[in-house]
Amino acid sequence: MGEGLVSHLFYLTAKTSTRAVAEEGFSLMQQKGLRLKRVTLTAKDKICFLPERLCNPDDCPYAKDYFDRIQDVLFEMLEKEDSFTRQTIEHWAKEKTLCPFELGLDLSSWCDAIICDYNYLFDPVVYLKRFFDHRDRYAFLIDEAHNLLDRARGMYSAMLQKSDVLTCKKLAEPLVKPLSKSLNTLNREMLSLKKQILAQEDNSEHALSFPSIPKPFWKAAQNTLSCCSQFLEERRQNRKYTLFQVEENIPQEILQFYFDLRFFLRIAELADTEELQHNFCFFVSTKGSQVTVKLLCLDPAPMIDSRMKLGQTTAMFSATLSPPSYYKTVLGCDHPQEKTNSYSFPSPFSQENLCLLVCGQINTRWAAREESLVPIARLIHQMVSAKKGNYLAYFPSYQYLEKEAEVFSKLYPDIRLICQSPQMDDQERADFLQQFDHPDSSPALLGFAVLGGIYSEGVDLKGEKLLGTAIIGTGLPKVGTEQEILRDYYQQKNNQGYDFAYRYPGMNKVLQAAGRVIRGQNDRGVVLLLDDRFSTPAYLRLFPEHWHHARIVYDSDGLSKILHDFWSESSID
């Protein structure tokens with residue numbers, strides 16, 4: 001950037017916590033003399049001041065006369081500030097009565113560095129058009145890049161449901177006949193797909209995949225979009241409707257369905273191109289009277305690559321980009337004609353501070369889970385009993401977690417147990433983590449969480465706040481029709497279907513969860529890998545270099561001795 005090779009630096013993240021880390025990094029450099037303007041962009045729903053987002057001047061005082069006043073405010077802000085965090089933007093927006101979301105976007109045009117979510121570059125709809133409608137001298141830094149694959153698949157997948165079609169049909173009948181008729185045709189095509197599913201023998205998941213969208217369905221969807229567009233355009237011309245304002249006689253359900261259908265057909269056109277048709281799958285499932293049609297993006301690598309090419313250079317980084325060959329393939333970095341450099345750096349933390357143990361006697365496969373509950377409870381108790389403090393145990397599902405919690409509580413009622421649940425709100429999630437702020441509390445604290453969930457990544461429990469984790473299972477995604485479609489795709493593409501669909505994504509969850517333990521130079525802790533598969537060559541070869549000292553134990557006595565010796569060494573130090 002200093003040499004003029006780069007005009008803007010985009011730091012792209014997947015989570016709010018990593019955005020804060022980026023801000024901290026820029027602050028440290030600015031304290032050392034770095035001169036630049038930077039802004040952090042926050043999603044509209046999160047930063048909006050109103051209880052219900054209404055983006056029009058009649059309902060929102062922050063939108064009124066926005067464009068008449070913004071230039072003077074921007075000049076004043078840029079004169080007085082170099083760093084525009086969410087808090088800074090909210091302060092100025094409230095003081096000047098301006099929309100905080102639009103203010104952040106307008107600031108970005110005047111800033112050297114923009115910290116924002118992945119979707120501002122990669123999403124086909126909400127990307128930053130002011131920057132990315134043309135190629136320029138941009139540099140992209142993609143943090144926690146292992147998250148980009150699933151996020152990109154979601155961005156380039158689309159879904160429609162039969163229940164939404166019927167809701168819109170009922171609402172449209174008294175308003176406009178052509179739209180109601182087209183929705184009825186689309187509903188019939190969904191029923192036709194349902195009949196094809198039910199005609200399949202031994203189809204327990206009531207789902208069916210197609211290599212491309214059936215032509216009758218596509219034609220019905222296009223006709224419905226045309227009728228819907230005409231209906232909304234007539235309301236707009238009559239000044240009863242704008243894209244930013246919906247009056248009472250325009251049902252919100254029809255407007256939302258219009259956006260969903262338009263996006264579905266946009267992805268359908270992308271999937272119909274010769275170079276990308278094999279990267280997508282048309283998937284239909286049914287449950288009761290509901291029919292769901294999906295355009296699944298199986299391989300977003302070409303789309304990720306095309307977005308990265310809007311800039312001058314890209315650097316992807318994460319502590320868990322292993323194996324590199326897998327991530328190069330799925331993130332669009334394996335062009336034979338273009339060289340992509342990859343670097344692996346040693347862990348900054350001493351191996352001696354991590355006691356990494358593979359419990360090779362535990363079988364967590366589905367058929368053996370009931371028998372595994374008591375042995376797992378005993379091993380976790382041994383870990384917690386070796387040194388008083390805070391611990392976490394990660395499970396492959398909520399069902400497994402709840403069963404283990406019931407068994408563990410009965411066997412060891414003296415251990416304070418807290419459990420993650422799927423219904424937690426933001427406050428409950430924060431309360432769960434806050435309990436780890438007291439490492440010297442009595443009795444010992446043990447948290448049960450889900451592998452791959454909110455507590456297995458981006459959680460920074462430094463020092464004595466977390467002494468160890470137990471990871472139950474290999475983190476494999478749940479077997480289902482969609483996951484098997486993904487497996488078949490990569491099996492045909494590179495003969496690595498199981499690895500790409502199951503083993504590698506699962507191992508990434510394991511590495512992320514294990515990474516919660518050692519967060520600083522002086523931290524010491526324990527990681528127990530509870531699954532016999534971790535002791536096999538297929539998994540041992542996936543262990544990062546700083547895991548090469550892992551020890552395999554097959555009995556409780558051996559585990560107790562190793563834990564005792566590890567913590568004894570810590571007390572001597």
Side-chain angles (χ1 to χ4, degrees), residues 9-26 113 115-123 139-155 299-301 303-305 307-308 311 313-334 340-349 354 356 394 451-462 469 471 474-477 499-520 523 527 539 541-548:
L9 174 66
F10 290 86
Y11 193 106
L12 299 142
T13 74
K15 293 182 172 63
T16 303
S17 58
T18 48
R19 257 162 273 174
V21 173
E23 290 175 342
E24 183 182 354
F26 277 114
I115 302 170
C116 57
D117 189 86
Y118 291 161
N119 60 9
Y120 286 100
L121 172 61
F122 294 103
D123 193 286
F140 304 130
L141 300 181
I142 303 177
D143 192 10
E144 300 289 6
H146 63 274
N147 286 311
L148 180 57
L149 174 60
D150 286 340
R151 284 286 301 275
R153 279 194 180 121
M155 292 174 190
D299 184 1
M303 286 73 81
I304 294 174
D305 175 55
R307 305 308 290 180
M308 291 191 295
T313 184
T314 299
M316 297 182 175
F317 48 97
S318 169
T320 55
L321 288 177
S322 179
S325 58
Y326 164 68
Y327 282 102
K328 280 187 177 183
T329 299
V330 298
L331 296 179
C333 303
D334 62 344
T340 299
N341 295 316
S342 62
Y343 303 93
S344 177
F345 301 97
S347 170
F349 309 126
L354 176 65
L356 179 64
Y394 294 98
L451 196 59
I454 57 171
Y455 298 121
S456 63
E457 186 174 344
V459 173
D460 202 21
L461 298 171
K462 293 182 178 179
T469 66
I471 299 172
T474 56
L476 299 180
D499 284 344
F500 274 52
Y502 292 100
R503 182 176 285 125
Y504 295 159
M507 191 61 188
N508 187 277
K509 295 178 186 177
V510 172
L511 292 170
Q512 284 292 330
R516 299 314 97 208
V517 178
I518 305 295
R519 309 299 298 172
D523 289 3
V527 172
Y539 278 90
R541 66 182 175 85
L542 298 180
F543 282 19
E545 186 176 344
H546 62 279
W547 275 25
H548 287 177

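Residues take their numbers from the sequence shown, with the count starting at 1. Please read these numbers as outputs of a predicted model, since none were measured by experiment.
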Can you name the nearest heavy-atom pair linking Asn119 to Arg151, along with the distance?
N-NH2, 4.0 Å
Decide yes or no for Asp523 and Val517: does some side-chain heavy atom of the first lie under 4.5 Å from some side-chain heavy atom of the second?
no
Rounded at 0.5 Å granularity, tell me how far SG in Cys333 sits from CG in Asn341.
11.0 Å
Give the minimum heavy-atom separation between Ser318 and Gln512, together with the two atoms involved.
OG-NE2, 4.2 Å
Please check: side-chain N/O of Arg516 versus main-chain N/O of Val459, any donor-acceptor pairing under 3.5 Å?
yes
So which heavy atom on Asp499 is nearest to which on Pro505, and how close?
O-CD, 3.6 Å
Check Met316 against Ala145 and note the closest heavy-atom contact, atom names and distance.
CB-CB, 3.7 Å
Can you name the closest pair of heavy atoms from Ile471 and Ala513 and give their distance?
CD1-CB, 3.9 Å
Just so I know, are the side chains of His146 and Glu457 near enough to count as touching, which here means a heavy-atom distance under 4.5 Å?
yes
CG (Asp334) and CG (Asp305) are apart, to the nearest 0.5 Å, by 9.0 Å
CG (Asp117) and CG (Leu12) are apart, to the nearest 0.5 Å, by 8.0 Å
Parallel, tilted or perpendicular, as decided by the 30° and 60° cut-offs, for the rings of Tyr11 and Phe317:
perpendicular
Nearest-0.5 Å distance, CD1 of residue Ile304 to CG of residue Leu148
4.0 Å
Candidate pair Tyr326 and Asn508, rule side-chain hydrogen bond (donor to acceptor under 3.5 Å, both in side chains), full reasoning
CA-CA 11 Å; Tyr326 164 68; Asn508 187 277; over 6 Å; no
Distance, nearest 0.5 Å, that separates CG of Leu354 from CZ of Phe349
11.0 Å
What I want to find out is whether Lys15 reaches Asp143 closely enough, with some N-O distance under 4.0 Å, to be called a salt bridge.
no
Indicate yes or no for a side-chain donor-acceptor contact from Thr13 to the backbone of Thr18 under 3.5 Å, with no hydrogens or angles considered.
no
Does a side-chain heavy-atom distance below 4.5 Å link Tyr504 with Leu149?
no
Mind checking whether Trp547 and Leu511 have side chains closer than 4.5 Å, heavy atoms only?
yes
So, Arg519 side chain and Asp460 main chain: donor-acceptor pair closer than 3.5 Å or not?
no
For Ser344 and Glu545, run side chain to side chain contact (heavy atoms under 4.5 Å, CB included): C-alpha distance rounded to whole Å, both residues' side-chain angles, the deciding distance at 0.1 Å, then the answer.
CA-CA 9 Å; Ser344 177; Glu545 186 176 344; 5.6 Å; no
